[in-house]
There are 2 protein chains.
Amino acid sequence: MQKNPGQCQFVVAMDSIVGKWKPTILYHLLQGKPLRFNELRRLLPDITQRMLTLYLRELEEEEIVKRVVYPQIPPKVEYSITEYGMSLSPVLEMLHRWGVAHIERKRLKEAENERTKTD
Amino acid sequence: MQKNPGQCQFVVAMDSIVGKWKPTILYHLLQGKPLRFNELRRLLPDITQRMLTLYLRELEEEEIVKRVVYPQIPPKVEYSITEYGMSLSPVLEMLHRWGVAHIERKRLKEAENERTKTD
DNA sequence: TGGTATAGTATGAAAAAAGGTACTGTAAAG
DNA sequence: CTTTACAGTACCTTTTTTCATACTATACCA
(Lines give C-alpha, C1' and ligand atoms only; values in the text may rest on other atoms or scores of the structure.)
Protein backbone atom coordinates (compact mmCIF):
# COMPACT_ATOMS: atom_id res chain seq x y z
CA MET A 1 0.00 0.00 0.00
CA GLN A 2 2.84 2.34 0.89
CA LYS A 3 6.53 1.90 0.65
CA ASN A 4 7.49 3.98 3.63
CA PRO A 5 8.93 1.43 5.97
CA GLY A 6 8.04 1.15 9.60
CA GLN A 7 4.78 3.01 9.61
CA CYS A 8 2.42 1.08 7.40
CA GLN A 9 1.47 -1.34 10.16
CA PHE A 10 -1.12 1.06 11.42
CA VAL A 11 -2.74 0.73 8.07
CA VAL A 12 -2.59 -3.03 8.09
CA ALA A 13 -4.16 -3.21 11.50
CA MET A 14 -6.83 -0.77 10.57
CA ASP A 15 -7.85 -2.54 7.42
CA SER A 16 -9.12 -5.26 9.70
CA ILE A 17 -11.23 -2.79 11.62
CA VAL A 18 -12.10 -0.09 9.17
CA GLY A 19 -15.22 0.00 7.14
CA LYS A 20 -18.43 1.70 8.01
CA TRP A 21 -19.89 -1.28 9.81
CA LYS A 22 -16.96 -3.47 10.77
CA PRO A 23 -16.51 -2.20 14.29
CA THR A 24 -20.15 -2.71 15.04
CA ILE A 25 -20.15 -6.21 13.62
CA LEU A 26 -17.09 -7.03 15.66
CA TYR A 27 -18.57 -5.46 18.75
CA HIS A 28 -21.51 -7.81 18.60
CA LEU A 29 -19.51 -10.89 17.76
CA LEU A 30 -17.03 -10.13 20.50
CA GLN A 31 -19.83 -10.67 22.99
CA GLY A 32 -18.98 -14.32 22.36
CA LYS A 33 -22.26 -15.75 21.19
CA PRO A 34 -22.39 -16.95 17.57
CA LEU A 35 -24.88 -14.97 15.57
CA ARG A 36 -26.87 -15.87 12.52
CA PHE A 37 -26.96 -13.67 9.47
CA ASN A 38 -30.35 -12.22 10.20
CA GLU A 39 -29.58 -11.79 13.87
CA LEU A 40 -26.75 -9.53 12.84
CA ARG A 41 -29.07 -7.73 10.49
CA ARG A 42 -31.43 -7.02 13.32
CA LEU A 43 -28.57 -5.75 15.44
CA LEU A 44 -27.46 -3.42 12.66
CA PRO A 45 -30.81 -2.18 11.44
CA ASP A 46 -29.41 0.19 8.84
CA ILE A 47 -26.96 -2.08 7.10
CA THR A 48 -27.98 -3.56 3.79
CA GLN A 49 -27.78 -7.29 3.19
CA ARG A 50 -25.17 -6.65 0.59
CA MET A 51 -22.88 -4.72 2.90
CA LEU A 52 -23.27 -7.20 5.71
CA THR A 53 -22.35 -10.03 3.39
CA LEU A 54 -19.34 -8.15 2.04
CA TYR A 55 -17.99 -7.28 5.46
CA LEU A 56 -18.50 -10.76 6.82
CA ARG A 57 -16.65 -12.20 3.87
CA GLU A 58 -13.77 -9.83 4.44
CA LEU A 59 -13.59 -10.67 8.11
CA GLU A 60 -13.80 -14.34 7.29
CA GLU A 61 -10.95 -14.09 4.85
CA GLU A 62 -8.79 -12.55 7.52
CA GLU A 63 -9.78 -15.36 9.88
CA ILE A 64 -11.21 -12.91 12.34
CA VAL A 65 -14.66 -14.36 11.90
CA LYS A 66 -15.67 -17.96 11.40
CA ARG A 67 -18.59 -18.93 9.17
CA VAL A 68 -20.39 -22.19 9.77
CA VAL A 69 -23.06 -23.37 7.37
CA TYR A 70 -25.66 -25.83 8.60
CA PRO A 71 -27.04 -27.80 5.68
CA GLN A 72 -30.67 -27.17 6.44
CA ILE A 73 -33.65 -25.64 4.84
CA PRO A 74 -34.30 -22.87 5.48
CA PRO A 75 -30.58 -22.23 5.59
CA LYS A 76 -28.72 -21.53 8.79
CA VAL A 77 -25.35 -19.86 8.92
CA GLU A 78 -23.62 -18.91 12.11
CA TYR A 79 -20.94 -16.32 12.47
CA SER A 80 -18.61 -16.19 15.41
CA ILE A 81 -15.38 -14.59 16.40
CA THR A 82 -12.29 -16.74 16.02
CA GLU A 83 -9.67 -17.10 18.69
CA TYR A 84 -7.44 -14.99 16.53
CA GLY A 85 -10.19 -12.43 16.18
CA MET A 86 -10.28 -12.23 19.96
CA SER A 87 -6.86 -10.67 19.83
CA LEU A 88 -8.54 -7.59 18.42
CA SER A 89 -10.58 -7.23 21.57
CA PRO A 90 -8.13 -5.14 23.59
CA VAL A 91 -7.40 -3.00 20.56
CA LEU A 92 -11.06 -2.26 20.00
CA GLU A 93 -11.59 -1.68 23.66
CA MET A 94 -8.83 0.87 23.71
CA LEU A 95 -10.29 2.60 20.70
CA HIS A 96 -13.65 2.52 22.39
CA ARG A 97 -12.29 4.10 25.53
CA TRP A 98 -10.52 6.78 23.59
CA GLY A 99 -13.70 7.42 21.63
CA VAL A 100 -15.73 7.83 24.80
CA ALA A 101 -13.20 10.26 26.22
CA HIS A 102 -13.09 12.11 22.94
CA ILE A 103 -16.84 12.57 22.88
CA GLU A 104 -16.88 13.64 26.49
CA ARG A 105 -14.19 16.19 25.78
CA LYS A 106 -16.14 17.56 22.86
CA ARG A 107 -19.23 17.90 25.00
CA LEU A 108 -17.33 19.77 27.65
CA LYS A 109 -15.86 22.12 25.09
CA GLU A 110 -19.25 22.87 23.67
CA ALA A 111 -20.77 23.45 27.07
CA GLU A 112 -17.88 25.76 27.82
CA ASN A 113 -18.50 27.71 24.64
CA GLU A 114 -22.18 28.06 25.48
CA ARG A 115 -21.37 29.32 28.93
CA THR A 116 -18.93 32.00 27.82
CA LYS A 117 -21.23 33.07 25.02
CA THR A 118 -24.19 33.82 27.25
CA ASP A 119 -22.03 35.55 29.84
CA MET B 1 -23.31 8.67 12.46
CA GLN B 2 -25.27 5.73 13.84
CA LYS B 3 -27.95 5.63 16.40
CA ASN B 4 -27.08 2.30 17.91
CA PRO B 5 -26.07 3.21 21.40
CA GLY B 6 -22.99 1.94 23.08
CA GLN B 7 -21.06 0.84 20.06
CA CYS B 8 -20.50 3.93 17.99
CA GLN B 9 -17.51 5.01 20.03
CA PHE B 10 -15.24 2.83 17.99
CA VAL B 11 -16.32 4.84 15.04
CA VAL B 12 -15.73 8.13 16.78
CA ALA B 13 -12.26 7.11 17.80
CA MET B 14 -11.43 5.85 14.39
CA ASP B 15 -12.55 8.93 12.58
CA SER B 16 -9.61 10.61 14.25
CA ILE B 17 -7.24 8.03 12.88
CA VAL B 18 -8.74 6.85 9.67
CA GLY B 19 -7.94 8.23 6.30
CA LYS B 20 -5.40 6.99 3.88
CA TRP B 21 -2.59 9.12 5.26
CA LYS B 22 -3.64 10.08 8.76
CA PRO B 23 -1.73 7.39 10.61
CA THR B 24 1.44 8.26 8.78
CA ILE B 25 1.05 11.94 9.45
CA LEU B 26 0.44 11.22 13.10
CA TYR B 27 3.35 8.83 13.20
CA HIS B 28 5.71 11.57 12.13
CA LEU B 29 4.25 14.25 14.33
CA LEU B 30 4.28 11.92 17.32
CA GLN B 31 8.06 11.93 17.08
CA GLY B 32 7.65 15.26 18.86
CA LYS B 33 9.36 17.68 16.52
CA PRO B 34 7.14 20.28 14.85
CA LEU B 35 7.15 19.88 11.10
CA ARG B 36 6.57 22.35 8.33
CA PHE B 37 4.15 21.68 5.53
CA ASN B 38 6.79 20.80 3.01
CA GLU B 39 8.73 18.74 5.50
CA LEU B 40 5.67 16.57 5.87
CA ARG B 41 5.35 16.43 2.13
CA ARG B 42 8.84 15.10 1.86
CA LEU B 43 8.13 12.52 4.53
CA LEU B 44 5.02 11.35 2.66
CA PRO B 45 6.32 11.47 -0.88
CA ASP B 46 3.15 10.15 -2.46
CA ILE B 47 0.58 12.38 -0.84
CA THR B 48 -0.79 15.28 -2.83
CA GLN B 49 -0.72 18.81 -1.44
CA ARG B 50 -4.45 18.82 -1.37
CA MET B 51 -4.78 15.68 0.69
CA LEU B 52 -2.12 16.78 3.12
CA THR B 53 -3.92 20.06 3.58
CA LEU B 54 -7.26 18.37 4.07
CA TYR B 55 -5.98 15.90 6.62
CA LEU B 56 -4.08 18.51 8.56
CA ARG B 57 -7.20 20.67 8.71
CA GLU B 58 -9.21 17.73 10.02
CA LEU B 59 -6.65 16.92 12.65
CA GLU B 60 -6.45 20.56 13.59
CA GLU B 61 -10.18 20.80 14.01
CA GLU B 62 -10.10 17.88 16.41
CA GLU B 63 -7.28 19.58 18.31
CA ILE B 64 -5.00 16.67 17.72
CA VAL B 65 -2.64 18.81 15.72
CA LYS B 66 -1.68 22.41 16.28
CA ARG B 67 -1.03 24.76 13.40
CA VAL B 68 1.19 27.78 13.92
CA VAL B 69 1.57 30.36 11.20
CA TYR B 70 4.64 32.55 11.20
CA PRO B 71 3.87 35.80 9.41
CA GLN B 72 6.82 35.64 7.08
CA ILE B 73 7.49 35.56 3.43
CA PRO B 74 7.95 33.01 2.14
CA PRO B 75 5.32 31.59 4.48
CA LYS B 76 6.18 29.29 7.33
CA VAL B 77 3.64 27.07 9.01
CA GLU B 78 4.51 24.55 11.64
CA TYR B 79 2.47 21.56 12.60
CA SER B 80 2.88 19.75 15.85
CA ILE B 81 1.03 17.25 17.96
CA THR B 82 -1.02 18.70 20.79
CA GLU B 83 -0.94 17.37 24.29
CA TYR B 84 -4.36 15.99 23.67
CA GLY B 85 -3.13 14.39 20.46
CA MET B 86 -0.49 12.64 22.50
CA SER B 87 -3.25 10.64 24.09
CA LEU B 88 -3.58 8.83 20.78
CA SER B 89 -0.04 7.56 21.07
CA PRO B 90 -0.77 4.37 23.01
CA VAL B 91 -3.76 3.66 20.80
CA LEU B 92 -1.70 3.95 17.65
CA GLU B 93 1.07 1.92 19.19
CA MET B 94 -1.32 -0.86 19.99
CA LEU B 95 -2.69 -0.81 16.47
CA HIS B 96 0.85 -0.86 15.21
CA ARG B 97 1.75 -3.87 17.29
CA TRP B 98 -1.36 -5.73 16.21
CA GLY B 99 -0.56 -4.87 12.62
CA VAL B 100 2.95 -6.25 12.92
CA ALA B 101 1.66 -9.47 14.43
CA HIS B 102 -1.03 -9.70 11.79
CA ILE B 103 1.51 -9.41 9.00
CA GLU B 104 3.77 -11.95 10.63
CA ARG B 105 0.90 -14.37 10.97
CA LYS B 106 0.01 -13.96 7.33
CA ARG B 107 3.59 -14.64 6.34
CA LEU B 108 3.68 -17.79 8.39
CA LYS B 109 0.44 -19.02 6.89
CA GLU B 110 1.74 -18.47 3.41
CA ALA B 111 5.00 -20.20 4.15
CA GLU B 112 3.02 -23.09 5.57
CA ASN B 113 0.91 -23.31 2.44
CA GLU B 114 3.99 -23.36 0.28
CA ARG B 115 5.52 -26.14 2.35
CA THR B 116 2.53 -28.46 2.22
CA LYS B 117 2.02 -27.78 -1.46
CA THR B 118 5.51 -28.89 -2.48
CA ASP B 119 5.36 -31.97 -0.25
C1' DT C 1 14.84 39.18 -15.58
C1' DG C 2 14.00 34.55 -14.52
C1' DG C 3 14.00 30.83 -11.29
C1' DT C 4 13.18 28.90 -6.59
C1' DA C 5 10.89 28.22 -2.22
C1' DT C 6 6.83 28.57 0.66
C1' DA C 7 1.94 27.13 1.77
C1' DG C 8 -1.49 26.57 0.03
C1' DT C 9 -6.50 26.98 -3.31
C1' DA C 10 -9.40 25.77 -7.43
C1' DT C 11 -11.24 22.72 -10.58
C1' DG C 12 -12.50 18.61 -12.65
C1' DA C 13 -11.73 13.69 -13.27
C1' DA C 14 -11.17 9.03 -11.52
C1' DA C 15 -11.52 5.46 -8.19
C1' DA C 16 -13.41 3.38 -4.18
C1' DA C 17 -17.03 2.64 -0.94
C1' DA C 18 -21.63 2.30 0.14
C1' DG C 19 -26.49 1.97 -0.86
C1' DG C 20 -31.05 0.33 -3.22
C1' DT C 21 -33.91 -2.82 -5.33
C1' DA C 22 -35.08 -6.98 -7.16
C1' DC C 23 -34.47 -11.77 -7.27
C1' DT C 24 -33.24 -16.88 -5.98
C1' DG C 25 -34.90 -21.77 -3.78
C1' DT C 26 -36.95 -24.36 -0.19
C1' DA C 27 -39.92 -25.47 3.71
C1' DA C 28 -43.14 -24.67 7.11
C1' DA C 29 -47.09 -21.92 8.88
C1' DG C 30 -51.61 -20.09 8.29
C1' DC D 1 -52.52 -21.18 -1.99
C1' DT D 2 -50.22 -17.31 -0.22
C1' DT D 3 -46.98 -15.63 3.01
C1' DT D 4 -42.87 -15.76 5.79
C1' DA D 5 -38.17 -16.85 7.07
C1' DC D 6 -33.61 -17.79 5.70
C1' DA D 7 -29.07 -16.46 3.51
C1' DG D 8 -27.76 -14.75 0.30
C1' DT D 9 -26.57 -12.90 -5.27
C1' DA D 10 -27.01 -9.61 -9.29
C1' DC D 11 -27.19 -5.33 -11.05
C1' DC D 12 -27.19 -0.51 -10.98
C1' DT D 13 -26.89 4.20 -8.73
C1' DT D 14 -25.18 7.42 -5.48
C1' DT D 15 -21.86 9.22 -2.36
C1' DT D 16 -17.37 9.79 -0.69
C1' DT D 17 -12.58 9.85 -1.21
C1' DT D 18 -8.61 10.49 -3.70
C1' DC D 19 -5.86 12.14 -7.58
C1' DA D 20 -3.91 15.36 -11.14
C1' DT D 21 -3.00 19.61 -12.80
C1' DA D 22 -2.81 24.35 -12.83
C1' DC D 23 -2.67 28.48 -10.29
C1' DT D 24 -1.90 32.22 -6.39
C1' DA D 25 1.45 35.85 -3.86
C1' DT D 26 5.75 37.27 -2.15
C1' DA D 27 10.70 37.47 -1.30
C1' DC D 28 15.26 36.08 -2.15
C1' DC D 29 19.09 34.62 -5.29
C1' DA D 30 21.73 34.90 -9.43
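Per chain, numbering begins at 1; letters A, B, ... match sequence-line order. Side chains included, hydrogens not; waters and symmetry mates left out as well; all remaining heavy atoms used.
- Between the side chains of B/His102 and A/Tyr84, a donor-acceptor pair is found at a separation under 3.5 Å.
- Here D/dT4 presents its C1' atom at 13 Å from CZ of A/Arg41, a figure rounded to the nearest Å.
- Residue contacts shown for A/Tyr79 are limited to sugar-phosphate atoms, with no base heavy atom under 4.0 Å away.
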Checklist entry - Can you give one letter per nucleotide of nucleotides 24-30 of chain C, 5' to 3': B if a protein heavy atom sits under 4.0 Å from the base, S if only from the sugar-phosphate, - if neither? => result -BBS---
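- Distance B/Leu54 CG to D/dA20 C1': 14 Å, rounded to the nearest Å.
- Under the rule for a side-chain hydrogen bond (donor to acceptor under 3.5 Å, both in side chains), B/Glu60 has no partner lying at least two apart in sequence or in another chain.
- The separation between B/Lys22 atom NZ and D/dT16 atom C1' is 14 Å, rounded to whole Å.
- For the pair A/Arg42 and D/dA7, the criterion of a side-chain N or O lying under 4.0 Å from OP1 or OP2 is not met.
- With hydrogens and angles ignored, the 3.5 Å screen pairs no side-chain donor or acceptor of A/Lys66 with any backbone N or O of A/Pro34.
- Crowding of A/Glu61 atom CD: a count of heavy atoms from other residues, nucleotides or ligands under 6.0 Å not exceeding 12.
- Remark: B/Arg97 engages B/Glu93 in a salt bridge (Lys or Arg N to Asp or Glu O under 4.0 Å) (not counting sequence neighbours).
- At a threshold of 4.5 Å between non-hydrogen side-chain atoms, the residues B/Ser16 and B/Ile64 count as touching.
- Side-chain nitrogen and oxygen atoms of B/Lys20 include at least one within less than 4.0 Å of the OP1 or OP2 phosphate oxygen of D/dC19.
- Rounded to the nearest 0.5 Å, atoms CD1 (B/Ile25) and CG (B/Leu43) are 10.5 Å apart.
- In A/Gln31, the CD atom is crowded: over 12 heavy atoms of neighbouring residues, nucleotides or ligands sit closer than 6.0 Å.
- A search for side-chain hydrogen bond (donor to acceptor under 3.5 Å, both in side chains) contacts involving B/Arg105 returns A/Glu63, not counting sequence neighbours.
- Rounded to a whole Å, the CH2 atom of A/Trp21 is 15 Å from the C1' atom of D/dT16.
- The separation between A/Glu60 atom CD and D/dG8 atom C1' is 13 Å, rounded to whole Å.
- Considering only side-chain N and O atoms, A/Tyr70 lies nowhere under 4.0 angstrom from the phosphate OP1 or OP2 of D/dA7.
- For the atom pair A/Glu62 CD and A/Asp15 CG, the distance stands at 7.0 Å (nearest 0.5 Å).
- Phosphate contact (OP1/OP2 of D/dA7, side-chain N/O of A/Arg67, threshold under 4.0 Å): absent.
- Under the 6.0 Å distance and 45° angle rule, A/Lys76 counts as a cation-pi partner of A/Tyr70.
- B/Leu92 is not connected to A/Val100 by any chain of hydrophobic side-chain contacts under 4.5 Å among Ile, Leu, Val, Met, Phe, Trp and Tyr, and they are in different clusters.
- Rounded to whole Å, the distance from CD1 on B/Ile47 to C1' on C/dG8 is 13 Å.
- Straight-line distance from the CD atom of A/Glu78 to the C1' atom of D/dC6: 13 Å, rounded to whole Å.
- Of the residues in residues 29-38 of chain A, those placing a heavy atom less than 4.0 Å from an atom of DNA chain D are A/Arg36, A/Phe37, A/Asn38, in numerical order.
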Please list, pair by pair, any protein nitrogen or oxygen found under 3.5 Å from a nitrogen or oxygen in nucleotides 10-16 of chain C.
none

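- For the pair B/Gln49 CD and C/dT9 C1', the interatomic distance rounds to 9 Å; values are reported in whole Å.
- Both A/Glu58 and B/Thr53 lie close to DNA chain C; mapped to their nearest nucleotides by heavy-atom distance, the more 5′-ward contact belongs to B/Thr53.
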